Amino acid sequence: MRIYNSKTRKKEEFIPVHEGKVGIYACGPTVYDYFHIGNARPFILFDVLRRYLESVGYDVTFVQNFTDIDDKMITRANEEGITVKELAERYIKEYFIDAKNLGIRPATVHPRATEHISQIIAIIEKLIENKLAYAKKGNVYYRVHAFKDYGHLCGQNLEDLESGARIDVNEQKENPMDFALWKAQKPGEPAWDSPWGPGRPGWHIECSAMSMEYLGETFDIHTGGKDLLFPHHENEIAQSEGATGKPYVNYWMHNGFINIDNEKMSKSQGNFFTVRDIAAEYDLENVRMFMLSSHYRSPVNFSRELIAQAASALERLYGARDQLSFLQKTAENREPNQAEITLMQEADKAQEKFNAAMADDLNTADAIGALFELVREIFKLPQAGVSKAALDKAQQTMLRMTDVLGLLLKKTDEIPQEISDMLAERETARKEKNWKRSDELRDAVQAAGYILEDTAAGQKVRKSV
RNA sequence: GGUGCCAUCGCCAAGUGGUAAGGCCAAGGUCUGCAAAACCUUUACCCCCAGUUCGAAUCUGGGUGGCACCUCCA
């Protein structure tokens, strides 16, 4: 697989640290609220990365953290009159609800910052020992000028970063660019004991501590939104490499942003959507489809119209899958004929194109194109009596692709008894050419949320998605 | 001020040197008791100008237009 590495700004062949294994660390949500549509993009994309790597045989350890202590957590907890811990518990629970509906699998490990305080303290002590950090009045800061590679990841040198800096002057810092590793406790804030007095970790240090705890001091892939490149990931490198003296991460992957009407989504502009908001109006699988239909590094616009387009495309996919199940009912155990052999060849071609697209820096848009090329071939099949071998091949190939994308997770071909009864009655009415009764029954079935089609091989019904 | 990214059909979107995937929408046709779905057909000189090349959407230079990061915002 080739991966665009933000560190080198090039696509590179992926070579894991340990053969056959991949360690991935994904920056997760700060659990002070429902997560928004912009958060959903990396969650979905890197879930697909994980599925793809597994599908080609890697043993993947996927770590995604929960930031459960920071300024936003403290502010929100105070507003709601609950503890930071209670707030975290609530939104971690909500995270899993939305994630499930988006088809995002739980990570191998979901570590929380507050459960890794001792690891955080150990790294800070090491940094102080290495003269890369200094304590002042219960705070500890990173001495940015002492780390030679600072600015390498984001491609800027320190002077340029400083000239553009819009950060508050803080007399305790030796340099305005220095960032906090440990923050002394302020009145009313939760705190943990440390060699520098009670306090809490800064934002960046938790990711260094948790990633190395579960993946080792040097690991394969670190993901996140483009905005995290600086300062968050730059600081993670400074912290981790400053403490261990070893390379921290081999491949950095950053996703582009979601815009609303070409504008950055922000609360102040009122163009802000949480995933929970969207879920009230649309099935979240449509959101997943939408996210995968463009390249992960490009910025994308989000709108109702685009969700509707994704929904129509997804409907076609479900239609093809259910068509295959329908055809299985009349499948024939015989050698495939010429047309069926062609279908089988097309399936191989689509699979090949799909794999090549995914292996090329996770080009899901191109991969979906390959999937639809197979879908067209499937729909060309006659309505009954297809060779089982050809059917199995098409089905297997299609499902293998949709599994990697994490699509088509719903069952749509399970029909409850009452619907079956109506179908049976309609079958009789149709034989008697009682079109009035037949149409009434069709309306009733459709009103119940099912799609009913008449084919040469009988009635075909499936649940509408 | 520094650093990057982007501009392909009505909408979305792949394609990074060899003559434009795919999805949505639309029109016409086939099939159907009617419908639905599906299938077939139709719809792109790739923002502009100049250059390199046998050949450029793809490379170079210059425009124009849009966006982002340098703020604990994915």
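Owing to the predicted nature of the structure, the values given are computational and were not obtained by experimental measurement. In what follows, every chain begins at residue 1, and chains take the letters A, B, ... in the order their sequences are listed.
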What is the distance from [atom1] of [X] to [atom2] of [N], rounded to the nearest Å?
X	N	atom1	atom2	answer
Asp360(A)	rA13(B)	CG	P	18 Å
Arg76(A)	rC73(B)	CZ	P	12 Å
Phe273(A)	rA74(B)	CZ	C1'	17 Å
Leu306(A)	rA13(B)	CG	P	7 Å
His254(A)	rC5(B)	NE2	P	15 Å
Asp322(A)	rA38(B)	CG	P	12 Å
Glu453(A)	rA37(B)	CD	P	8 Å
Phe302(A)	rA13(B)	CZ	P	13 Å

Ignoring backbone atoms, test whether [X] places a side-chain nitrogen or oxygen under 4.0 Å from the OP1 or OP2 oxygen of [N].
X	N	answer
Arg316(A)	rC39(B)	yes
Lys433(A)	rC34(B)	no
Ser298(A)	rC12(B)	no
Lys380(A)	rC40(B)	yes
Asn363(A)	rG15(B)	yes

Counting the atoms with a prime plus P, OP1 and OP2 as sugar-phosphate, which does [X] contact under 4.0 Å by heavy atoms, base, sugar-phosphate, or nothing?
X	answer
His295(A)	sugar-phosphate
Lys72(A)	sugar-phosphate
Arg200(A)	nothing
Ile258(A)	base
Gly319(A)	nothing

Do we see Trp435(A) stacking on the base of rG33(B), given a limit of 5.5 Å between centres and 30° between planes?
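Given the distance and angle limits, yes, they stack.
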Ring-base stacking, Phe257(A) with rA68(B) (5.5 Å, 30° cut-offs):
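Here the ring of Phe257(A) and the base of rA68(B) are not stacked, as the 5.5 Å and 30° limits are not both satisfied.
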Arg376(A) side chain: which of rC40(B), rC11(B), rA14(B) is closest?
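My answer, after comparing the listed nucleotides, is rC40(B).
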Which nucleotide, rA74(B), rA14(B), rG22(B), lies nearest any side-chain atom of Glu373(A)?
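Of the candidates, rG22(B) comes closest.
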Interatomic distance, Asp68(A) atom CG to Glu115(A) atom CD [nearest 0.5 angstrom]:
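That separation rounds to 7.0 Å.
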How far, in whole Å, is rC73(B) from rA68(B) if one measures between their C1' atoms?
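Roughly 12 Å separates the two C1' atoms.
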More 5' along RNA chain B: Glu305(A) or Arg462(A), using each one's nearest nucleotide?
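Nearest nucleotide further toward 5': that of Glu305(A).
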Hey, which sits more toward the 5' end of RNA chain B by its nearest nucleotide, Gln446(A) or Ser312(A)?
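On the 5' side of the pair lies Ser312(A).
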Under a plain distance cut-off of 3.5 Å, with no hydrogens placed, do Gln323(A) and Tyr318(A) share a side-chain donor-acceptor pair?
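No, no side-chain donor-acceptor contact under 3.5 Å.
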State, without any angle test, whether Thr67(A) and Asn65(A) hold a side-chain donor-acceptor pair at a distance under 3.5 Å.
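On atom types as modelled, these side chains qualify, holding a pair under 3.5 Å.
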Check whether any side-chain heavy atom of Asp360(A) sits under 4.5 Å from a side-chain heavy atom of Lys11(A), and report yes or no.
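Yes, their side chains come closer than 4.5 Å.
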Honestly, is Arg2(A) close enough over Phe14(A), meaning NZ or CZ under 6.0 Å from the six-membered ring centre and within 45° of the axis?
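Geometry flag: not set, cation outside 6.0 Å or 45°.
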Counting only heavy atoms not in Lys349(A), do more than 12 fall under 6.0 Å of its NZ?
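No, because the 6.0 Å sphere around NZ of Lys349(A) holds 12 heavy atoms or fewer from other groups.
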